[in-house]
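A quick write-up on the structure given underneath.
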Amino acid sequence: MITPVIYDDAPLRERVTKCLQDDFKHNAIKQAQEALGSKRSQLVAEMPEWENLREAAKVIRQHVTDNLDYYLKEFVENTTARGNKVHFAPTADDALCEILDIFAEHNATSCVKSKSMMTEEMGLNSVLEEATIKVVETDCAEHIIQTAEDKPSHIVVPGLHFTRKEIAELYRQKKGYTGSDVPEEITHFLRDILREEFLTADIGIRGCNFAVAETGSVTLVTNEGNGRMIGTCPKTQIIVLGIDRLVPDLESLDVMCSLLARNAVGAKMTAYFCMDSGPARADEGDGPTDVHIVIMDNGRSDLIDTDFEDMLRCMRCGACLNTCPVYRHITGHGYGSIYPGPMGIIMSANLEGYDNIGSMPYACTLCGACSEDCPSKIPLHEMIRQHRINMVEEGRVPAAEQAAYKAAAKVLSTKPLYLAALKVGSFGMKPLCAIEESGQIGAKTAGIPLVKNWTESRNLDPLPATRFRTQFAKHKKESGEN
């Protein structure tokens with residue numbers, strides 16, 4: 001079923017096959033992983049306190065989860081005292097209703113947006129457009145995706161799968177661009193067409209990286225100036241805040257920001273860091289005069305005291321995507337979700353349930369690289385494994401697979417059956433190995449049921465005619481050992 005989170009409900013194998021055929025797409029992600037990974041590694045090497053920072057982030061984020069009601073109350077009291085208006089949204093639909101009401105209250109017909117995964121999660125753009133409200137994404141990559149009517153391939157660099165030639169041609173066809181495919185020239189064109197949108201939009205919509213309970217402030221970390229423009233030009237501003245984005249105080253915020261940019265893009269800091277604590281005062285010339293903060297839960301509180309509670313520590317840095325070998329090859333679109341990669345598997349399953357994610361949790365080698373790089377020490381691969389366990393316990397695997405594993409369990413736990421299976425297997429594999437010059441079962445035998453997905457891409461060694469124990473017993477007997 002297609003939802004705001006799941007945009008492609010084709011089977012995982014079908015999506016992956018399609019993505020693997022797109023050489024540019026997965027090569028672009030490979031290059032990005034290598035570039036971001038090397039930059040991150042260099043920065044980590046320069047910080048002997050790196051692991052202490054990770055541990056501090058884990059402790060802070062877990063502390064907020066354990067005391068979520070307290071910090072949520074503190075934030076609401078402090079941000080309201082600064083003049084912001086708070087709207088509570090238990091679900092994504094509730095958040096959409098609150099936002100539509102704000103537009104109706106202001107008779108607003110247009111808005112500019114900064115990149116926000118929370119608004120992607122609720123499908124905000126399509127809902128506003130159905131209400132005849134003009135929506136303009138102002139982040140460069142998001143604007144490209146919106147213009148192309150495409151979906152993001154990464155949570156931090158969503159337009160990674162476009163070539164500059166494709167971008168130039170896209171703007172020629174859709175926006176009347178007449179320049180070359182030089183990135184700077186495309187950027188200047190984008191500035192020109194967005195400037196008027198910033199100045200004339202009725203409402204600005206943005207997300208929030210972290211909200212500070214102690215001060216009632218909201219923050220935005222970006223590498224482009226669009227987020228600051230949205231927080232400056234439109235007189236009405238809507239900030240969409242997930243309940244898992246709270247930090248206790250400014251000292252805690254410093255820890256998070258020390259980790260965020262380094263893990264996200266391999267930089268010590270981003271170009272823009274904005275902290276807003278309320279509407280513009282009477283003596284200030286810029287800034288919104290009416291600020292609405294929509295605090296959305298959408299299933300996050302349901303994770304508390306479950307096997308997936310640790311996911312509430314995620315700071316959406318994308319570090320797990322940048323190191324994942326599976327993501328490197330199947331690309332973000334292979335997952336069919338706005339949340340790809342290791343964190344995406346967990347988030348998609350938690351938000352949509354097993355009925356709607358197919359076999360997505362199996363798009364993982366369980367190598368643990370994601371957990372090693374996660375700045376808040378989330379055991380991502382363990383939670384993916386737990387999703388698999390849950391799916392098996394609920395019977396969400398093919399009947400043939402269930403039967404095969406039950407038979408294997410019986411054989412492997414019964415010595416006579418195990419010994420018989422070894423003999424039969426060794427005898428049956430001989431003619432298959434004879435087909436290949438290597439003496440292994442390989443691509444020429446890829447049509448074998450059950451193992452063809454292995455043999456079409458790998459060689460499989462045959463079972464030996466005699467077991468090691470048999471050979472060892474013979475050796476002992478011949479050498480006269482007891």
Side-chain angles (χ1 to χ4, degrees), residues 7 18-40 110-117 120 125 129 134-201 204-206 220-230 232-233 261 264-267 269-272 318 321-322 327-329 331-334 338 340:
Y7 58 78
K18 182 179 178 181
C19 290
L20 287 175
Q21 293 171 350
D22 190 331
D23 290 338
F24 172 80
K25 186 181 290 186
H26 61 77
N27 283 333
I29 288 177
K30 175 184 176 182
Q31 292 172 10
Q33 279 190 329
E34 291 174 349
L36 295 174
S38 62
K39 291 178 181 178
R40 177 187 180 277
S110 65
C111 69
V112 284
K113 286 179 73 253
S114 178
K115 180 179 178 298
S116 165
M117 293 305 298
E120 291 278 352
N125 286 16
E129 288 166 356
K134 181 181 180 182
V135 183
V136 179
E137 293 284 357
T138 62
D139 176 87
C140 182
E142 289 289 352
H143 191 274
I144 293 167
I145 290 170
Q146 183 185 37
T147 304
E149 298 179 359
D150 198 3
K151 294 296 182 179
S153 58
H154 194 287
I155 62 171
V156 177
V157 278
L160 195 58
H161 56 288
F162 284 93
T163 69
R164 65 187 195 181
K165 291 183 179 179
E166 289 173 337
I167 296 169
E169 185 59 31
L170 173 68
Y171 282 136
R172 284 192 192 97
Q173 295 179 7
K174 298 291 185 72
K175 301 293 182 181
Y177 178 60
T178 58
S180 70
D181 61 5
V182 175
E184 290 80 4
E185 193 170 350
I186 297 173
T187 303
H188 291 156
F189 170 77
L190 196 53
R191 284 179 184 170
D192 289 340
I193 63 175
L194 287 179
R195 186 173 290 113
E196 186 65 21
E197 304 291 354
F198 284 123
L199 296 174
T200 60
I205 301 177
R206 46 166 282 195
L220 189 64
V221 181
T222 68
N223 271 320
E224 300 176 31
N226 63 309
R228 186 168 291 181
M229 291 289 286
I230 286 173
T232 301
C233 296
V265 292
M269 61 186 295
T270 56
Y272 297 91
L321 282 74
N322 297 339
Y327 172 80
R328 169 180 292 217
H329 291 285
T331 78
H333 292 149
I338 63 167

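In this text the structure is predicted, and so the values were computed from the model without any measurement.
With sequence neighbours left out, the salt bridge (Lys or Arg N to Asp or Glu O under 4.0 Å) criterion links E197 to K134. Legend: residues meeting side-chain contact (heavy atoms from CB on, under 4.5 Å) with F189, ordered by chain and number and at least two apart, are Y171, K175, Y177, I193. Taking H26 as the reference, nothing meets the ring-ring contact (aromatic ring centres under 6.0 Å, His included) condition, with sequence neighbours excluded. E129 is linked by a salt bridge (Lys or Arg N to Asp or Glu O under 4.0 Å) to nothing, counting only residues two or more places apart in sequence or in another chain. Residues passing the side-chain hydrogen bond (donor to acceptor under 3.5 Å, both in side chains) test with T331, sequence neighbours excluded: none. Contacts of N125 classified as side-chain hydrogen bond (donor to acceptor under 3.5 Å, both in side chains), with partners at least two apart in sequence or in another chain: K113, E137.
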Might you work through the side-chain contact (heavy atoms from CB on, under 4.5 Å) test for C111 and V136, ending with a clear yes or no?
CA-CA 6 Å; C111 69; V136 179; over 6 Å; no

E169 and R164: salt bridge (Lys or Arg N to Asp or Glu O under 4.0 Å), yes or no, with the steps?
CA-CA 9 Å; E169 185 59 31; R164 65 187 195 181; over 6 Å; no

What do the steps show when you test L160 against I29 for side-chain contact (heavy atoms from CB on, under 4.5 Å), and what is the final call?
CA-CA 7 Å; L160 195 58; I29 288 177; 3.6 Å; yes

Check the pair L220, S114 against side-chain contact (heavy atoms from CB on, under 4.5 Å), reporting the backbone distance first and the verdict last.
CA-CA 10 Å; L220 189 64; S114 178; 4.0 Å; yes

Give the C-alpha distance, both sets of side-chain angles, the deciding distance and a yes or no for side-chain contact (heavy atoms from CB on, under 4.5 Å) between I205 and I230.
CA-CA 7 Å; I205 301 177; I230 286 173; 6.0 Å; no

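A side-chain donor from one of H161 and D150 sits under 3.5 Å from a side-chain acceptor of the other.
When all heavy atoms of P340 and I155 are compared, the pair lying nearest together is CD-CG2, 3.8 Å. Residues C140 and L190 approach most closely at SG-CD2, 3.6 Å, considering heavy atoms. When all heavy atoms are compared, the tightest approach of G159 to I145 is N-CD1, 4.0 Å. The heavy-atom pair separating S180 from I186 by the smallest distance is O-CG1, 3.8 Å. For L321 against Y327, the heavy-atom pair with the smallest separation is O-CD2, 3.2 Å. Scanning all heavy atoms of the two residues, the minimum distance from A35 to S38 falls at O-OG, 2.9 Å.
Side-chain atoms of Q173 do not come within 3.5 Å of backbone N or O of L170 as any donor-acceptor pair. Under a 3.5 Å cut-off, the side chain of R172 and the backbone N or O of G179 do form a donor-acceptor pair. Using a distance-only test at 3.5 Å, with no hydrogens or angles considered, a donor-acceptor pair links the side chain of Q146 to the main chain of V135. Using a distance-only test at 3.5 Å, with no hydrogens or angles considered, no donor-acceptor pair links the side chain of S153 to the main chain of H333. Side-chain atoms of N223 come within 3.5 Å of backbone N or O of A271 as a donor-acceptor pair.
Inter-residue side-chain proximity for T138 and H143 is flagged as unmet; no heavy-atom pair is nearer than 4.5 Å. For the pair R206 and S116, the minimum side-chain heavy-atom distance is 4.5 Å or more. Annotation: side chain of D139 is in contact with side chain of E224 (closest heavy-atom distance under 4.5 Å).
Distance CG/L199 to CZ/R195: 8.0 Å, rounded to 0.5 Å. Here M117 contributes atom CE and I338 contributes atom CD1; the two are 4.5 Å apart, rounded to the nearest 0.5 Å. Atom OH of Y7 sits about 8.0 Å away from atom NZ of K151, to the nearest 0.5 Å.
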